[in-house]
Amino acid sequence: MPAPAPTATASMIPTSLIPSYRGLSDGFLDSLEALALAPEGGWWRDVLAHRELVLAVRAEYLNVYHRGAALFLIGQRQGRVVASTHAKYLVRQRQGAAELRADATFGLEADTAFWRRYEGPQTLDEMLRAAVTLAGPEKTGVHDLVLADPRVIDVEISLSGAPIGLPGDIGHAADAVVPGPPQNRQDRLDVAALTERDGAAFVTFHEAKHFTNKELRAANGRTPPVAEQIARYRATLNHHADKLAGSYQAVCRALVRLDRLRQTLSGTGAISRLDPLVSRVADAPITPGIDTEPRLVVFGFDEDQRQGAVWQSHKARLTNEFGLRVYAVGSTKGRSAAAFR
């Protein structure tokens, strides 16, 4: 799991014009556009220009992600755009050793140990390097897949868990039951992406696992943890589906405006990073459909591992016994084809 995103305080989020789950008001988007053109908006211009960063629209604030790490939370307070980050992303690599003194204090020099002010792209680059050191192969692989898919519209999707525990909730395993009350459970799905079927747009949700993740496997007669996880997500998506539809249309509208802002700042010849379907959903008179069947994306393996008898038997159980939609995408490095469909 990634480090928790910085928390948006009530003073940063107006109570009016906020969709149920996700979306940015026109006023906030206007403020973001004004900041990008202002002298003090250098950090925001750098964020928009950086191809390795992912913008995630929340309820009147943004998270900026790199390899699963929330580098920035961007909100608004009294009409002014404000941003916060976790101190661990401000650690600099300038001071090698810190002496433990006789009074039990460490000999840290604040200006060399931490960034105390934003000093341009070099600050952002060091923040990204700090995030990389905290990211494992699974978060790194998911990040690569997200960057390669222009239909991705959300990441790190946290929703309050819905009631679950009835027989049959886990795919086709009629005797499987997920225990525990849902009240305090937060389900976090990895990715939301748009797909198109017969001319209609749908939002699909995806859980991505590295091939080595033990949650993909279980002995015969036992339920793989990922099957229980997908069952929870299925129930949660059904519980929230109606409100998610309107929220994700609002997300698409915000992403389109932010993408146009990025293109304006980049100058002549800049192209959109979004698939045209995102703009179509943003401008559509009806909301997109919500596909409540989560997909399981497995990555991080070679062809020999893909065809191996052991993995094939586990995959067969996931698809046949538990009814999961499993997509095997192999290596994530240098990938250009969309993995989330």
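What you see below is based on every heavy atom in this structure, not just the backbone, and it leaves out hydrogens, waters and symmetry mates.
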Peer 1: Would you indicate whether the side-chain heavy atoms of Asp275 and Val152 approach each other to under 4.5 Å?
Peer 2: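 Result no, sub-4.5 Å side-chain heavy-atom pair not found.
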Peer 1: Residues in side chain to side chain donor-acceptor pair (under 3.5 Å) with Thr133, at least two apart?
Peer 2: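 For Thr133 there are no side chain to side chain donor-acceptor pair (under 3.5 Å) partners, ignoring immediate neighbours.
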Peer 1: Could you tell me whether the side chain of Leu237 reaches within less than 4.5 Å of the side chain of Asp187, counting heavy atoms only?
Peer 2: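 Asp187 vs Leu237: side chains apart.
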Peer 1: Report the residues that fulfil ring pair (Phe, Tyr, Trp, His ring centres under 6.0 Å) with His50, sequence neighbours left out, ordered by chain and then residue number.
Peer 2: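 Not a single residue meets the ring pair (Phe, Tyr, Trp, His ring centres under 6.0 Å) criterion with His50.
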Peer 1: Please go through Phe114's hydrophobic cluster and name the other residues, only I, L, V, M, F, W, Y counting, with side-chain heavy atoms under 4.5 Å joining them.
Peer 2: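 Listed partners: Val91.
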Peer 1: Judged by atom type as modelled, is there a donor-acceptor pair below 3.5 Å linking the side chain of Thr105 to the main-chain atoms of Arg101?
Peer 2: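 No.
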Peer 1: Any ring pair (Phe, Tyr, Trp, His ring centres under 6.0 Å) pairs touching residues 125-152, not counting sequence neighbours?
Peer 2: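 Pairs touching residues 125-152 that pass the test: His66-His143.
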Peer 1: Kindly indicate whether the side chain of Arg58, heavy atoms from C-beta on, has any atom under 4.5 Å from the side chain of Glu156.
Peer 2: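 Side chain of Arg58 against side chain of Glu156, heavy atoms only: contact under 4.5 Å found.
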Peer 1: Would you indicate whether the side-chain heavy atoms of Leu258 and Leu29 approach each other to under 4.5 Å?
Peer 2: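 Of all side-chain heavy-atom pairs linking Leu258 with Leu29, at least one is under 4.5 Å.
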Peer 1: Can you list the residues that meet the side chain to side chain donor-acceptor pair (under 3.5 Å) rule with Ser331, with sequence neighbours excluded?
Peer 2: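 None.
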Peer 1: Within the side chain of Glu60, is there an N or O that forms a donor-acceptor pair under 3.5 Å with the backbone of Gln76?
Peer 2: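 It does not hold such a pair.
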Peer 1: Enumerate the residue pairs fulfilling ring pair (Phe, Tyr, Trp, His ring centres under 6.0 Å) with a member in residues 250-292, sequence neighbours excluded, ordered by first and then second residue.
Peer 2: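 Residue pairs passing ring pair (Phe, Tyr, Trp, His ring centres under 6.0 Å), neighbours aside: none found.
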Peer 1: Give the minimum heavy-atom separation between Ser31 and Val81, together with the two atoms involved.
Peer 2: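 That would be CB-CG2, 3.8 Å.
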Peer 1: Partners of Asn238 by side chain to side chain donor-acceptor pair (under 3.5 Å), sequence neighbours excluded?
Peer 2: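 In terms of side chain to side chain donor-acceptor pair (under 3.5 Å), with neighbours along the sequence ignored, Asn238 is linked to Thr292.
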Peer 1: Does Gln186 form a side-chain hydrogen bond (donor to acceptor under 3.5 Å, both in side chains) with Ser158? I'd like the steps, not just the answer.
Peer 2: CA-CA 6 Å; Gln186 284 293 119; Ser158 182; 2.8 Å; yes
Peer 1: State, yes or no, whether a side-chain contact exists between Lys214 and Pro225 at a heavy-atom distance under 4.5 Å.
Peer 2: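 Side chain of Lys214 against side chain of Pro225, heavy atoms only: no contact under 4.5 Å found.
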Peer 1: If you define the side chain from C-beta out and look only at heavy atoms, does anything of Leu62 sit under 4.5 Å from Leu73?
Peer 2: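 They are not in contact (no side-chain heavy atoms under 4.5 Å apart), so the answer is no.
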Peer 1: Partners of Phe340 by ring pair (Phe, Tyr, Trp, His ring centres under 6.0 Å), sequence neighbours excluded?
Peer 2: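 Phe340 satisfies ring pair (Phe, Tyr, Trp, His ring centres under 6.0 Å) with His206 only.
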Peer 1: Under the salt bridge (Lys or Arg N to Asp or Glu O under 4.0 Å) definition, can you give me all pairs with a residue in residues 190-212, not counting sequence neighbours?
Peer 2: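 For residues 190-212, and leaving out neighbouring residues, the salt bridge (Lys or Arg N to Asp or Glu O under 4.0 Å) pairs sorted by first residue read Lys139-Asp190, Glu196-Arg280, Arg197-Asp291, Glu207-Lys209, Lys209-Glu215.
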Peer 1: Would you check if the side chain of Arg341 reaches a backbone N or O of Thr195 as a donor-acceptor pair within less than 3.5 Å?
Peer 2: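 The answer is no, because no donor-acceptor pair under 3.5 Å joins these two groups.
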Peer 1: Is the backbone of Phe72 close enough, under 3.5 Å, to the side chain of Tyr65 for a donor and an acceptor to pair up by distance?
Peer 2: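 It does not hold such a pair.
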Peer 1: Are Leu216 and His314 packed together at the side-chain level, in the sense that at least one heavy-atom pair is separated by less than 4.5 angstrom?
Peer 2: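 When only atoms from C-beta onward are counted, His314 and Leu216 do not touch, as no gap falls below 4.5 Å.
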Peer 1: Hey, could you give me each pair passing side chain to side chain donor-acceptor pair (under 3.5 Å) that has a residue in residues 38-48? Not counting sequence neighbours.
Peer 2: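 Qualifying pairs, neighbours excluded: Asp46-Tyr118.
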Peer 1: Which residues pass the side chain to side chain donor-acceptor pair (under 3.5 Å) test with Arg51, not counting sequence neighbours?
Peer 2: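 Counting only residues at least two positions away or on another chain, Arg51 forms no side chain to side chain donor-acceptor pair (under 3.5 Å).
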Peer 1: Taking side chain to side chain donor-acceptor pair (under 3.5 Å) as the cut-off, I'd like each qualifying pair that reaches into residues 256-267, sequence neighbours left out, listed once.
Peer 2: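 Output for this query lists Asp30-Arg257, Glu33-Arg257, Asp259-Arg262, Asp259-Gln263, Asp259-Ser272.
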Peer 1: Within the 4.5 Å heavy-atom criterion, are Leu128 and Leu53 side-chain neighbours or not?
Peer 2: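 In short, these two side chains touch, coming nearer than 4.5 Å.
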Peer 1: Where the side chain of Thr85 meets the backbone of Leu71, is there a donor-acceptor pair that is under 3.5 Å apart?
Peer 2: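 Looks like yes, one N/O pair under 3.5 Å.
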